[in-house]
Number of protein chains: 2
Amino acid sequence: MAEARPERADAARNRRAILRATEELLARHRPDQISMEQIAAAAGVGKGTVFHRFGSRMGLMVELMRERAYALEDAVTTGPPPLGPGAPPEERLMAFLDAIVDVVGRNKGLLAALGHAATAAPRPAREQGEHRDEAGGEHPLHRFWHGHISALITARRPDLDGELLAHILLGSIQSEPVLRLLERGETSRLAASLRAVAAGVLAAPASGDPPGTSA
Amino acid sequence: MAEARPERADAARNRRAILRATEELLARHRPDQISMEQIAAAAGVGKGTVFHRFGSRMGLMVELMRERAYALEDAVTTGPPPLGPGAPPEERLMAFLDAIVDVVGRNKGLLAALGHAATAAPRPAREQGEHRDEAGGEHPLHRFWHGHISALITARRPDLDGELLAHILLGSIQSEPVLRLLERGETSRLAASLRAVAAGVLAAPASGDPPGTSA
DNA sequence: CATCCAACTTGACCTACGGTCCACTTTATC
DNA sequence: GATAAAGTGGACCGTAGGTCAAGTTGGATG
């Protein structure tokens, strides 16, 4: 796992240039309007270089997203409450939802691109041994987010289907209409409603039909 | 709006053949694996015919979805309670959510295709004057679903952001992980959790932070 | 039933994009 | 400065959505 020859100077420079260029383009154009060739051109490198470094469109987007969400992941696992460990589950959940909305809000274009990119990826190709791709195809960020939300819900309400509820909560942020809302800057509006949903779920009176009723 | 020359017999036959073929393919393959050419071949027509009738991949998918969801729309607007008018908002909402899960569950592939298709559509082209496309690009079905949910939530809880909550509720059903769940047949599991969310929202104790706290 | 025209059909064709390949250049090491 | 591993670029490939001009056909009309 230790990498003796981590990366050549020019390679590092190019990688950053590509990432930067992607950010730039993502900020100015609809994600499905941005071709890999454009990105390469904007970064001042050849298309081959982009694919060499990131493997595929999806790889690029995931890498970019990972970079952006790293701080959040860190804050959650090792940071201070309420985001980090220590606070009660509800508080952590609320804080985490706020944080996610924030991240997503500042990365709408990227999120959309991630969604589109999922379309592609015919063959994962070689890639350095760093890419862990699961069966589904969901990107790593989602995995962490989902795991965290799921755990928090289950901690507070073991009787609920935390796993699914986490997907529901997360899925709602990814939908196009919501993304468009974020685009218009109504971040806090989203955060407020998401909190309302989460609060409602955690406070739910255990009503409804009992699980197991269905196939 | 009255169409004197509605459609020629052969055209109607072909349209149905195309729709049928699409259903068939959608049932057997991943949506992004199905090309328009395949559809045309399966329907026994030329590719040009498909585009002539539906304008684009998106157009085809929307048409198919509209056909499928028509019954639901009808049941909601003119049918008996609890889906139709007459029952209290909560009951109608629950019934509607169940119904939507059902429709979505029986049309996962189509939903996914709709999502992918959104990628395309560079120029809406001519099209018969029947397509109303809004600024965003969301398909008509969503409009109706969203409007209904939104109205029901607002009816019961005018203090909440029904419009956004409806998007959240709907968005959650569209996300890939949830779609995959449906694929595995866990329809009722989804329905149960969705009900829980909706119930939680409607019963919410108006807590949380007052709107306007953020920016 | 013959005529006619607009609607319809078709498949070759165009364009664009994701991804691959490999000959060539650069970096870092000794 | 020689060398080999790492990196680079851009021509190239296959595929798929969408277009179009030329030909075909349904059906209304007299």
Side-chain angles (χ1 to χ4, degrees), chain A residues 3-18 21-22 25 29-62 113-114 116-129 131, chain B residues 3-18 21-22 25 29-62 113-114 116-130:
Chain A
E3 52 233 53
R5 206 146 293 118
E7 194 171 52
R8 242 167 61 173
D10 55 344
R13 187 165 5 101
N14 280 339
R15 194 178 82 240
R16 297 192 59 187
I18 292 167
T22 309
L25 289 176
H29 310 281
R30 312 213 71 201
D32 52 280
Q33 300 277 336
I34 305 173
S35 71
M36 295 300 273
E37 207 141 7
Q38 262 178 72
I39 291 176
V45 303
K47 189 162 67 151
T49 303
V50 178
F51 280 94
H52 180 66
R53 292 245 78 73
F54 299 100
S56 69
R57 184 189 183 89
M58 184 66 165
L60 210 204
M61 297 305 174
V62 167
L114 233 12
H116 288 147
T119 300
R123 256 173 279 135
R126 54 276 160 84
E127 269 320 277
Q128 290 98 296
H131 275 202
Chain B
E3 50 233 54
R5 205 149 294 118
E7 195 172 52
R8 241 166 62 173
D10 56 343
R13 188 167 2 102
N14 281 339
R15 195 179 80 239
R16 297 192 59 186
I18 293 167
T22 308
L25 290 175
H29 309 282
R30 312 212 68 201
D32 52 280
Q33 300 277 338
I34 305 172
S35 71
M36 296 300 273
E37 207 142 6
Q38 264 179 71
I39 291 176
V45 303
K47 188 162 69 149
T49 303
V50 178
F51 280 94
H52 180 67
R53 292 246 76 73
F54 299 100
S56 70
R57 185 189 182 90
M58 183 66 166
L60 209 204
M61 298 305 173
V62 166
L114 233 11
H116 288 147
T119 299
R123 258 172 280 135
R126 53 278 160 84
E127 271 317 281
Q128 289 100 296
E130 208 183 66

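Letters A, B, ... are given to chains in the order of the sequence lines, protein chains preceding strands, and every chain is numbered from 1.
- Whole-Å rounding puts the D32(A) CG to dA16(C) P distance at 16 Å.
- Phosphate proximity of dG7(D) to T49(A): absent, as no side-chain N or O sits under 4.0 Å from OP1 or OP2.
- Applying a 4.0 Å cut-off to non-hydrogen atoms, the residues of residues 9-17 of chain B that approach DNA chain D are A9(B), D10(B), listed by residue number.
- Distances from the side chain of K47(A) to the nucleotides dG7(D), dC12(D), dT10(C) place dC12(D) closest.
- For the pair L60(A) CG and dG19(C) P, the computed distance is 10 Å after rounding to whole Å.
- E37(A) places its CD atom 9 Å from the C1' atom of dA16(C), with the value rounded to the nearest Å.
- Although no hydrogens or angles enter the test, the distance criterion places a donor-acceptor pair under 3.5 Å between the side chain of Q38(B) and the main chain of Q33(B).
- Separating the CZ atom of F51(A) from the C1' atom of dG7(D) is a distance of 17 Å, rounded to the nearest angstrom.
- As rounded to whole Å, 14 Å separates atom C1' of dT9(C) from atom CD of E7(B).
- Side-chain contact between L60(A) and R57(A) is absent, with no heavy-atom pair separated by less than 4.5 Å.
- Residue M58(B) contributes atom CE, which lies 16 Å from atom C1' of dG18(D) at whole-angstrom precision.
- Between the T49(B) side chain and the V45(B) main chain, no donor and acceptor come within less than 3.5 Å of each other.
- Distance from the side chain of R57(B) is smallest to dG18(D) among dG18(D), dG19(C), dA28(C).
- Which of dT20(C), dG7(D), dG27(D) sits closest to the side chain of H52(A) comes down to dG7(D).
- In this structure the side chain of I39(A) reaches within 4.5 angstrom of the side chain of M36(A), judged on heavy atoms.
- What separates CE of M36(B) from P of dT10(C) is a distance of 14 Å, to the nearest Å.
- For R53(A), the side-chain atoms get nearest to dG7(D) when compared with the rest of dG7(D), dG26(D), dT19(D).
- Residue whose closest nucleotide on DNA chain D sits further toward the 5' end, between R8(B) and Q38(B): Q38(B).
- Contact annotation: the side chain of E7(B) approaches that of R53(B) to within less than 4.5 Å [non-hydrogen atoms, C-beta and beyond].
- Scanning all heavy atoms of the two residues, the minimum distance from I18(B) to A43(B) falls at CA-CB, 3.7 Å.
- The interatomic distance linking Q33(A) (CD) with dC17(C) (C1') rounds to 13 Å, in whole Å.
- Closest approach to the S35(B) side chain among dA6(C), dG7(D), dA16(D) is made by dA16(D) (side chain taken as heavy atoms from C-beta onward).
- With sequence neighbours excluded, the residues forming a side-chain contact (heavy atoms from CB on, under 4.5 Å) with A42(A) are A21(A), L25(A), listed by chain and number.
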